[in-house]
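Encoded as structure tokens, the structure appears first; notes follow it.
Residue numbering restarts at 1 for every chain, and letters A, B, ... go by the order of the sequence lines. Here the structure is a predicted model, which means the values were calculated and not measured.
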Amino acid sequence: MRPVLDHPWNLSPAEAIALQLDLRKRVDCTDHPLRLGHVAGIDVGFEDGGRTTRAAVVVLDYPGLRLVEQAVARRPTDFPYVPGLLSFRELPAVLEALTRLTVVPDVILCDGQGIAHPRRFGIASHLGVLLDAPTIGVGKTRLCGRHEEPGNEKGAWAPLQDGGEIIGVVLRTRAGVKPVYVSIGHKLSLTSAIRIVLACTPRYRLPETIRQAHRLASQTN
DNA sequence: GCGACAG
DNA sequence: ATCTTGTCGC
């Protein structure tokens with residue numbers, strides 16, 4: 001699975017913001033014919049006290065959620081962590097890992113926000129636009145926006161709003177646990193994103209895709 | 001000027 | 001994210 005769109009990565013924070021403002025015009029928040037056979041998850045971890053970025057991607061079959069393929073890529077960390085610019089720090093390694101897949105997933109769940117971002121262009125949207133593929137943002141904490149507390153049952157959710165628009169939802173993936181922040185990444189609707197995240201979360205707080213990718217990305221064996 | 005701030 | 005052991009609770 002290779003990116004269909006390319007652009008420079010050695011940018012200054014100001015240049016990165018300018019690029020986000022341009023690329024965000026390409027984000028598609030509508031559904032497309034989707035036949036879910038394989039779902040992927042991506043996550044990133046760090047080694048050597050942060051000097052090395054380690055990206056992991058796993059592909060599971062759907063709806064069984066059995067591991068079909070996995071890949072890892074390491075690259076020297078070259079961009080600092082700046083809230084709002086996470087994709088410039090993590091995507092280079094993620095793209096390299098994705099290139100090693102033989103199976104092309106139908107949708108990718110990302111550890112981080114989609115359009116629930118100050119400029120509506122979080123890591124999930126950035127990845128989706130580069131691949132021209134459906135992606136979903138699943139964050140463990142909030143980057144921006146306001147919301148009420150969702151009901152305490154699995155599947156309960158509350159809208160995440162910012163600047164008068166709904167940018168995502170706060171979704172309870174399991175009864176009694178801290179909810180996650182779900183937003184559109186690219187090429188699907190928020191309703192579909194919620195449905196897919198719940199279908200990928202049979203037992204734990206986080207979707208199986210992201211859980212397994214996280215295990216691969218941050219375990220220094 | 002004072003907070004907030006994905007991973 | 002990462003540095004780090006045990007411990008509280010179901």
Side-chain angles (χ1 to χ4, degrees), chain A residues 9 13-14 16-17 19-21 23-24 27 41-58 72-98 108-130 135-147 152-154 160-163 166-171 173-186 190 193 197 203-207 209-221:
Chain A
W9 291 96
I17 289 175
L19 181 56
Q20 291 183 320
L21 295 176
L23 293 182
R24 71 177 185 179
V27 175
I42 61 141
D43 190 29
V44 167
F46 296 90
E47 303 175 348
D48 313 317
R51 289 186 295 280
T52 300
T53 298
R54 170 171 164 162
V57 52
V58 300
V72 174
R74 285 190 181 74
R75 287 179 58 103
T77 305
D78 53 22
F79 199 93
Y81 169 67
V82 179
L85 299 180
L86 183 67
S87 60
F88 293 90
R89 176 176 170 82
E90 304 191 338
L91 282 190
V94 169
L95 292 173
E96 188 175 316
L98 286 170
I108 303 174
L109 280 68
C110 305
D111 190 351
Q113 317 296 333
I115 63 173
H117 175 281
R119 289 170 292 283
R120 309 292 182 261
F121 200 68
I123 188 168
S125 296
H126 197 159
L127 179 62
V129 167
L130 295 188
T135 57
I136 299 172
V138 182
K140 297 182 289 295
T141 62
R142 183 189 68 87
L143 172 59
C144 68
R146 291 157 23 82
H147 67 84
N152 196 46
E153 342 75 60
K154 171 171 183 168
L160 177 63
Q161 315 186 63
D162 185 44
I166 294 180
I167 59 177
V169 299
V170 187
L171 176 67
T173 52
R174 186 185 175 186
V177 302
K178 187 179 189 293
V180 297
Y181 294 77
V182 177
S183 59
I184 291 171
H186 189 48
L190 182 54
V197 168
R203 180 169 183 189
Y204 302 102
R205 179 196 177 213
L206 296 176
T209 47
I210 292 180
R211 283 189 70 240
Q212 295 193 36
H214 186 282
R215 177 174 58 67
L216 248 189
S218 53
Q219 90 176 183
T220 305
N221 283 326

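Within the 4.0 Å cut-off from OP1 or OP2 of B/dC5, not a single side-chain nitrogen or oxygen of A/T141 is found. Contact between the side-chain N/O atoms of A/H214 and the OP1/OP2 oxygens of C/dA1 is found at a separation under 4.0 Å. Listed pair A/Y81 / B/dA6 meets the phosphate criterion, a side-chain N or O lying under 4.0 Å from OP1 or OP2. In this model, the phosphate group of B/dG7 is approached by a side-chain N or O of A/K140 to a distance below 4.0 Å at OP1 or OP2. In this model, the phosphate group of B/dC5 is approached by a side-chain N or O of A/R142 to a distance below 4.0 Å at OP1 or OP2.
Contact annotation for A/G50: no contact, since no heavy-atom pair falls under 4.0 Å across all strands. In this structure, A/I210 reaches neither bases nor backbone, as no heavy-atom distance under 4.0 Å exists between it and the strands shown. Residue contacts for A/G84: at a heavy-atom cut-off of 4.0 Å it reaches a base atom on one of the strands shown.
Distance A/L143 CG to C/dA1 C1': 15 Å, rounded to the nearest Å. Summarising the geometry, the separation between CZ on A/R75 and P on C/dA1 is reported as 21 Å, rounded to the nearest angstrom. The nearest whole Å value for the distance from the CG atom in A/L206 to the P atom in B/dA6 is 16 Å. When the P atom of B/dA4 is taken as reference, atom CG of A/L86 falls 21 Å away, rounded to whole Å. The distance from atom CG of A/D111 to atom P of B/dA6 is 12 Å, rounded to the nearest whole Å. The distance between atom CD1 of A/I123 and atom P of B/dC5, rounded to the nearest whole Å, is 19 Å. In this structure, A/L160 places its CG atom 12 Å from C1' of B/dA6, rounding to the nearest Å. For A/K178 and B/dA6, the NZ to P distance is 11 Å, given to the nearest whole Å.
Between the side chain of A/Q20 and the backbone N or O of A/G122, no donor-acceptor pair lies under 3.5 Å. With hydrogens and angles disregarded, a donor-acceptor distance shorter than 3.5 Å links the side chain of A/S183 to the backbone of A/G114.
Each of B/dA6, B/dG7, C/dA1 was ranked by its minimum atom distance to the side chain of A/H117; first place goes to B/dA6. In this structure, the nucleotide among B/dA6, C/dT2, B/dG7 sitting nearest to the side chain of A/P83 is B/dA6. Candidate nucleotides B/dA6, B/dG7, C/dT2 were compared by shortest atom distance to the side chain of A/D43, and B/dG7 ranks first.
Side-chain contact between A/V138 and A/V197: present, with at least one pair of heavy atoms (C-beta onward) separated by less than 4.5 Å.
A salt bridge does not link A/R211 to A/D43: none of the charged side-chain nitrogens sits closer than 4.0 Å to a carboxylate oxygen.
Under the 30°/60° scheme for interplanar angles, the aromatic rings of A/H147 and A/Y181 are found to stand perpendicular.
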